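Below you'll find the structure, written out as structure tokens, and then a few comments.
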There are 2 protein chains.
Amino acid sequence: MSATLKDIAASTGLSVTQVSRALNDHDDVSAETKIRVREAANALNYRPNLSARKLASGRSGIVGLVLPPQDRTPRDSMFVQMVRGLSGAFSRRGRLFVLHAAEEGEDVVAVHRRLIDGGSLDGFVLIEPEENDPRVAYLRRRGVPMVMHGRGAAKPDYPFYDIDNIAVGRELTAMLLRAGHRRIGFVNGIAATCYAAHRRTGWEMALREAGIEIDPDLHEHGQMIESVGALATLRMMNGEAAPTGLIAGNMLIAKGIYNALSMLGLKVPGDVSVVVHDDMLPGEDLMSLPASSGTRSALALSWEPLAQGLIGAIEGKPLAELQQLGGFEIVEAGSIAPPNR
Amino acid sequence: MSATLKDIAASTGLSVTQVSRALNDHDDVSAETKIRVREAANALNYRPNLSARKLASGRSGIVGLVLPPQDRTPRDSMFVQMVRGLSGAFSRRGRLFVLHAAEEGEDVVAVHRRLIDGGSLDGFVLIEPEENDPRVAYLRRRGVPMVMHGRGAAKPDYPFYDIDNIAVGRELTAMLLRAGHRRIGFVNGIAATCYAAHRRTGWEMALREAGIEIDPDLHEHGQMIESVGALATLRMMNGEAAPTGLIAGNMLIAKGIYNALSMLGLKVPGDVSVVVHDDMLPGEDLMSLPASSGTRSALALSWEPLAQGLIGAIEGKPLAELQQLGGFEIVEAGSIAPPNR
DNA sequence: GTAGCACCCCGAAACGGTTCGGAAATTCTC
DNA sequence: GAGAATTTCCGAACCGTTTCGGGGTGCTAC
């Protein structure tokens, strides 16, 4: 059905070898021949057979991602977003991106193993890094290329793309400090995640530099959902020394914070200032949120560097080139005022 | 790295041919040999190379699904659910399920084409059927097996799994008719979808059988989200002859209906009866909904039949065996009372 | 004139499976 | 006990691609 190299060879009068080399742009094929071959390939509607390619060269051009088994609903929408983004980024680079979902209770490493043994994938995008990630250990042992979205250590020994979350935490805190706040609360992401730890570090650094003692009651770890933001706010504002400024780990938390403050009859920024880190997740129903100051870094910006990083890893580029750090913007949009207490 | 047939052959003293046949359970291999081969395969930790298999036999054991490009957020969560379910169903059958997302604006047929030409997939699960589905036409032309979730015609000529949505529409309407209602509104799914059309047909049939004239103002097509349910309710209840019973296409619509009724100061079931078809989508924040009567059919029940259908199609089973219809339950849980007007 | 060098090309082997046709060993049949 | 049938096995070809090693031009340099 589909045309093969043999067909092109027959149609051009060349050997299969030379056709293959022409299509792969090797340098011992004359320019004229390359053109001729490409035209023939086009005319015959040729598409390389990835299975055959994988078998012969060890590379299929297919990369994958394993969706972790737990389904925490708020993230599902982000997953779809991510799959779309990565699909596009890889297909622009002539690769095929594919996703496989681990089953509830299935061992994630075993799933990777199954995919590698199947012998169809060239490498993996990993998400949700852990400190000493067993997936990384396994893939390294098998010599399978990978790239991590985020990182599990300050300076990991594997390819990754991440933003400087220490700087994010620092900047968010600094924005409030500059307005004169000294009691600054932080509703952060899940404690186990590295990015939340980094942001916490940034928060602590900024406070310490300003000569402010760190009050652990003003920090909260939790899922990045509305209810966590609301609960943490209610707790902190009812505490002994209520904060005058609040930091939200993302927009959903911010939504919870705004709701809780409104329940308490507190105005933003009159009574409480709020800053937020915005991942710019589309589709979330956040129209209703007032404009907020803070940091901003679209999650969608990570797909391209991730694809680039994984392909680099597959092609054997040195580690230094495969560890990329993304930036973030600073947004000034109201929601900050000097403290009134 | 990974063991191959050759290794097993060497370790058992058999030929590669016989090892292959033993592992694939052919009938000209002695029982004793089969056992011996399987043990050796186990000991060597053998996994078949899917690329090689695909090349030799035309089948890799990998099947896929292409995620349509539009991202309507309410469905994203369902997609993830579905991917998880299908992954499990196929892996239980020794197949690998994989997902590829089409990019915004990309032609869905072209994406399938790319995946087929790549020569790694055996078949596809299709979702969101259209009337004369171009994907079906293309796959049929290429001879690629498929199974549809839902169907694009009353009696399609391709494998599918669906529930009897005419019966659903009929039963929901009948439940209200039995309680004495004669003005029954229906907030249905998107007009272009086949299941919504079927349910509408069921609604019309039930009304007609009861000798009630059909009032098009009492029917609404729209996305299955809360706001659609609320808006439709407000419109209908403010109409000239407000309905005394309402049918919700799913739980999110029901949520909108309950909210709107509560805004209008109407009680359920005192003032208005409500029935709903429940897909039992997990993760939706529906705890707050009062228990409702209606029909119920878990979406999660479709993954197994779909996997079975696609594998059947790949193995060349006759069409009749590949067209499956699922059932639904009837739920009596209050929310219905005789009309008070 | 020939050694050296680009440049362009090709045959054959390999990747890891499946499958076809035949062959050896065993059992059955009369 | 010969021939047929059955069971169990194997060699070889093949799927579509890449890659290794070699080979034949034609040109330059001495």
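The structure presented is a predicted model; accordingly, all values stated were derived computationally and were not measured. Note on naming: letters A, B, ... go to the chains in the order of the sequence lines (proteins, then strands), and numbering restarts at 1 for each one.
Looking at heavy atoms from C-beta onward, R142(A) lies out of side-chain contact with H112(A) at the 4.5 angstrom threshold. A heavy-atom distance below 4.5 Å is found between the side chains of S87(B) and H100(A). For the pair V125(A)/M146(A), no side-chain contact is recorded, criterion being any heavy-atom separation below 4.5 Å from C-beta on. Contact annotation: the side chain of L99(A) never approaches that of L67(B) to less than 4.5 Å [non-hydrogen atoms, C-beta and beyond].
Atom NZ in K6(A) sits roughly 15 Å away from atom P in dT18(D) (whole-Å rounding). Atom CG in D122(A) sits about 13 Å away from atom P in dT18(D), given to the nearest Å. Between the CG atom of L14(A) and the P atom of dG11(C) there is a distance of 11 Å, given to the nearest Å. Atoms CD (E32(B)) and P (dT7(D)) sit 17 Å apart, rounded to a whole Å.
Summarising the local packing, CD of E321(A) is surrounded by more than 12 heavy atoms from other residues, nucleotides or ligands at distances under 6.0 Å.
Contact check on D122(B) versus R95(B) returns no salt bridge, with no Lys/Arg side-chain nitrogen under 4.0 Å from an Asp/Glu carboxylate oxygen.
For the segment residues 46-64 of chain A, residues with any heavy atom less than 4.0 angstrom from an atom of DNA chain C are, sorted by number, L55(A), A56(A). Within residues 17-26 of chain A, the residues approached by DNA chain C to less than 4.0 Å at the level of any non-hydrogen atom are T17(A), Q18(A), in residue-number order.
Side-chain N or O atoms of R53(A) include none that pairs as donor or acceptor with a backbone N or O of G118(B) at under 3.5 Å.
Taking side-chain N and O atoms only, S15(B) has a distance below 4.0 Å to OP1 or OP2 of dC10(D). In this model, the phosphate group of dC9(D) is approached by a side-chain N or O of S30(B) to a distance below 4.0 Å at OP1 or OP2.
In terms of heavy-atom proximity, Q323(B) sits nearest to Y158(B) at NE2-O, 2.8 Å.
Where V29(B) and D28(A) each meet DNA chain D at their nearest nucleotide, the meeting point lying more 5' is that of V29(B).
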